[in-house]
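Data block below; observations after.
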Number of protein chains: 2
Amino acid sequence: MSEVADFPPSGSDPAMARRIQSRVTSFDVAALAGVSQSAVSRAFTPGSSIAEAKRQRILEAARRLNYVPNSIASSLTTKRTNIVAVILGNLANPFYVEVLRTFIARLQAQGRQILTFTVDNGADSDEAILRVLRYQVDGVILTSAQLSTRMTSICHDRGIPIVLFNRYIPGSDASGVRCDNTGGGRLMAEAFLAAGARSFAMIKGDPKGTTSQDRVRGFTERLIEAGIARADIGEIEGQSTYDGAFNAVLGAYRRKPERLPDAIFGINDIMAMGAMDALRQRMGLKIPDDVMIGGFDDIPESRRHPYQLTTVRQPVGLMVDEALSILHLDEPAQPIEMGIDRQVPGRLIWRSTIPTPTASSED
Amino acid sequence: MSEVADFPPSGSDPAMARRIQSRVTSFDVAALAGVSQSAVSRAFTPGSSIAEAKRQRILEAARRLNYVPNSIASSLTTKRTNIVAVILGNLANPFYVEVLRTFIARLQAQGRQILTFTVDNGADSDEAILRVLRYQVDGVILTSAQLSTRMTSICHDRGIPIVLFNRYIPGSDASGVRCDNTGGGRLMAEAFLAAGARSFAMIKGDPKGTTSQDRVRGFTERLIEAGIARADIGEIEGQSTYDGAFNAVLGAYRRKPERLPDAIFGINDIMAMGAMDALRQRMGLKIPDDVMIGGFDDIPESRRHPYQLTTVRQPVGLMVDEALSILHLDEPAQPIEMGIDRQVPGRLIWRSTIPTPTASSED
DNA sequence: GCAACATTTGAATGCGTATTCACTAAAAAT
DNA sequence: ATTTTTAGTGAATACGCATTCAAATGTTGC
């Protein structure tokens with residue numbers, strides 16, 4: 001049926017059939033344009049000394065040859081890759097998707113590339129860091145928890161800055177940016193108190209995550225200060241996911257509805273949403289009439305109709321900007337800043353899972 | 001209060017204060033181990049000819065120096081970077097988050113790195129491709145729509161394979177993998193018909209996206225075959241987001257509830273969810289009693305309680321595997337396969353937004 | 001018209017590794 | 001015991017570009 005030459009034409013070189021052709025290099029462009037290789041390099045390096053007319057001639061030659069500079073080769077001499085590594089723990093949580101989106105948007109706008117890694121929740125990031133090191137990235141963003149101090153010092157020795165995002169390592173001098181999670185926990189406690197709650201529960205996430213710990217601590221502290229008895233502050237453990245919270249709530253209250261508190265603080269929005277669905281759809285409860293719910297993060301889903309979750313917003317854009325500024329990508333000669341721990345405050349967003357004491361103030 | 005030397009010890013070189021130190025190279029390791037640089041290179045290259053005892057000695061020396069091979073340098077000689085670029089259009093749609101997760105998981109397990117790009121929806125990917133080319137990636141996954149044929153041929157010339165994911169370019173010989181969107185549209189039409197619907201609407205997404213077009217086409221074709229009049233098959237346009245669908249539905253029916261059809265097909269799950277919330281929360285309708293709803297993708301959110309969306313599942317894992325197999329990352333010497341268009345069938349997942357004609361068959 | 005200066009230019013070199021090539025030592029085959 | 005094979009090794013080189021250095025060209029001021 002089909003003849004030999006039935007491959008669709010691709011409109012390109014006839015010599016393309018084999019893979020790994022001799023690539024077009026700056027020498028080829030130089031030859032075509034009648035200049036030296038140095039000139040070609042200069043034509044593609046902004047701010048270098050080259051006559052405009054010559055640059056144009058070179059660019060034209062490059063265009064004709066479909067020449068694209070080889071960043072790998074140039075990285076070898078400049079010792080800059082323009083690559084930033086982003087190591088993520090948990091893309092199942094929309095908050096971290098938002099974080100990733102923001103990092104990508106910012107870095108891409110700066111002309112940098114993003115090397116993305118995921119690390120199983122709770123697993124340690126050492127292997128990812130090692131891989132990152134091989135690629136000589138200009139900086140590392142780490143949103144995943146575990147990181148050995150050995151790794152931080154190796155990175156430091158090699159001059160690669162790391163920023164912990166919404167994490168910190170107690171006793172380490174690794175720099176980081178985070179939301180004021182403790183303060184945010186306090187905000188949520190105050191919101192519940194203002195709405196008249198007297199008994200409470202928290203759905204905690206990963207017990208090793210500082211994020212969860214801090215929110216729990218701030219929340220608890222504030223309640224104690226307000227005179228709430230420890231006995232009236234319950235804790236539920238669950239996987240840090242929608243399903244984890246859903247099941248944890250069912251496990252805790254389905255058989256003992258009498259233990260249900262006035263208010264439940266989901267340590268992040270996705271868990272608060274899981275809790276809400278369990279309480280409403282499986283236990284037939286009304287929110288906030290039967291139980292109040294609070295979350296943390298303010299992911300886009302939280303404002304959607306089924307949830308309308310009252311939550312603490314993390315200013316992601318700001319946090320990302322802070323993180324990137326700590327990296328000092330533009331001044332690689334600067335010594336790495338260590339021991340920085342920038343905290344940005346969260347903000348309570350009133351929606352409808354906690355009755356508003358006075359007037360609503362959504363946004 | 002604090003003395004000069006109050007920096008926490010980092011357990012590393014004392015010479016670490018300055019950035020851009022002379023890096024540790026294979027020559028340093030060679031010197032310490034008393035071998036040649038070639039030997040060091042071989043020690044880190046699996047399958048190369050080196051005595052096991054010597055390799056161990058080298059590895060030990062490397063460990064003592066915290067030596068990590070420089071992949072940038074090695075890429076220059078091997079012409080392989082072990083980097084795959086993933087270009088994404090829309091991380092606001094959880095489906096593509098799932099796709100990204102899957103690619104990362106697979107590639108990371110193979111020891112490859114992922115360079116992530118996002119392209120504004122509808123914008124063209126040429127700039128991203130150009131950046132990708134500079135980094136000499138081993139392959140490109142493209143989930144975003146627009147791609148000039150000039151770019152595909154440039155990639156082809158340079159021996160860089162591209163796979164379109166859930167997209168195709170009519171008239172191009174670019175390879176791709178996609179769900180059988182047309183067939184999926186038909187499945188949904190059949191589900192609605194079986195449930196007794198006689199009037200329909202579709203909420204279309206990006207009009208330029210082949211994904212949306214194909215689903216619309218399959219859905220419509222099947223309905224026509226079943227004898228439904230064109231007048232009973234409506235179309236609503238909206239941004240391909242939750243809010244887009246939410247607003248589109250409100251705009252179409254809020255003032256004219258009499259125009260509401262028996263069944264609405266959201267071209268993807270996130271839009272179907274937006275539609276559901278608009279219909280239920282804003283228009284007080286019951287689903288599926290007042291309107292049936294169908295989606296497409298089967299994102300994790302679809303099975304959650306507020307939605308329980310009947311939808312067409314895309315087998316993401318399978319599609320990702322197919323995409324990677326087309327890339328032939330393990331046989332770079334092979335000529336690039338062009339013109340491949342693998343389609344994998346979707347599968348209808350019955351949940352509760354369409355009344356089940358007989359018995360339910362959720363998973 | 002010439003000195004003093006600023007701007008362009010190309011040859012040569014280095015970045016850190018993989019690989020080729022020629023060679024040695026050890027093992028196997030004769 | 002000698003030849004043939006095999007495994008192991010180091011010196012040298014290439015990969016594609018940025019950058020340094022010295023030379024060449026162009027510009028300005030007097």
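In this text the structure is predicted, and so the values were computed from the model without any measurement. Here is how names work: the chains are called A, B, and so on, in the same order as the sequence lines, proteins then strands, and each is numbered from 1.
Using a 4.0 Å heavy-atom cutoff across all strands shown, A:T25 reaches sugar-phosphate atoms only and no base atom. Nucleic acid contact class of A:T78 (heavy atoms, under 4.0 Å, all strands): sugar-phosphate only. Within 4.0 Å (heavy atoms only), B:S49 reaches at least one base atom of the nucleic acid.
Following rounding to the nearest Å, B:R80 (CZ) and C:dT19 (P) show an atom-to-atom distance of 12 Å. C:dG16 atom P lies 15 Å from atom CG of A:L133, rounded to whole Å. Rounded to a whole Å, the CD atom of A:Q37 is 14 Å from the P atom of C:dT13. Rounded to a whole Å, the CD1 atom of B:I72 is 17 Å from the C1' atom of C:dG14.
Residue B:R42 has its side chain nearest to C:dT20 when only C:dG10, C:dT17, C:dT20 are considered.
Judged by the 6.0 Å and 45° rule, B:R178 forms no cation-pi pair with B:F165.
B:T77 has no side-chain polar atom (N or O) that falls below the 4.0 Å cut-off from OP1 or OP2 of C:dA18. Contact between the side-chain N/O atoms of B:S41 and the OP1/OP2 oxygens of C:dA18 is found at a separation under 4.0 Å.
Residues A:N82 and A:G111 share a closest heavy-atom pair of CB-O, 4.5 Å. The nearest pair of heavy atoms linking B:L65 to B:V24 is O-CG2, 3.7 Å. Closest heavy-atom contact between A:E337 and A:I326: OE2-O, 4.1 Å. Here the closest non-hydrogen pair linking B:I336 and B:G159 is CD1-C, 3.5 Å.
Salt bridge annotation for A:D330-A:R112: present, with a cationic side-chain nitrogen under 4.0 angstrom from a carboxylate oxygen. Under a 4.0 Å N-O distance rule, the pair B:R101/B:E98 qualifies as a salt bridge. Salt-bridge formation is not detected for the pair A:R57/A:E60: no Lys NZ or Arg NE/NH1/NH2 atom is positioned less than 4.0 Å from an Asp or Glu carboxylate oxygen.
Residues A:T102 and A:V320 have side chains in contact (heavy-atom distance under 4.5 Å, counting atoms from C-beta outward).
Across its full length, the helix from C:dG1-D:dC30 to C:dT30-D:dA1 shows an angle of 20° between the axes of its 5 terminal pairs at either end, rounded to 10 degrees.
Mapping B:F27 and A:S36 onto DNA chain C via the closest heavy atom, the residue that lands nearer the 5' end is A:S36.
Residues from residues 50-62 of chain A placing a heavy atom under 4.0 Å of any atom in DNA chain C, listed by number, are A:I50, A:A51, A:K54.
The six-membered or imidazole ring of B:F27 lies away from that of B:Y67, with a centre-to-centre distance of 6.0 Å or more.
A nucleotide of DNA chain D counts as in contact with chain A when one of its atoms lies under 4.0 Å from a heavy atom; the first and last such, 5' to 3', are D:dG16 to D:dT20.
Surrounding CD of A:E127 are at most 12 heavy atoms belonging to other residues, nucleotides or ligands under 6.0 Å away.
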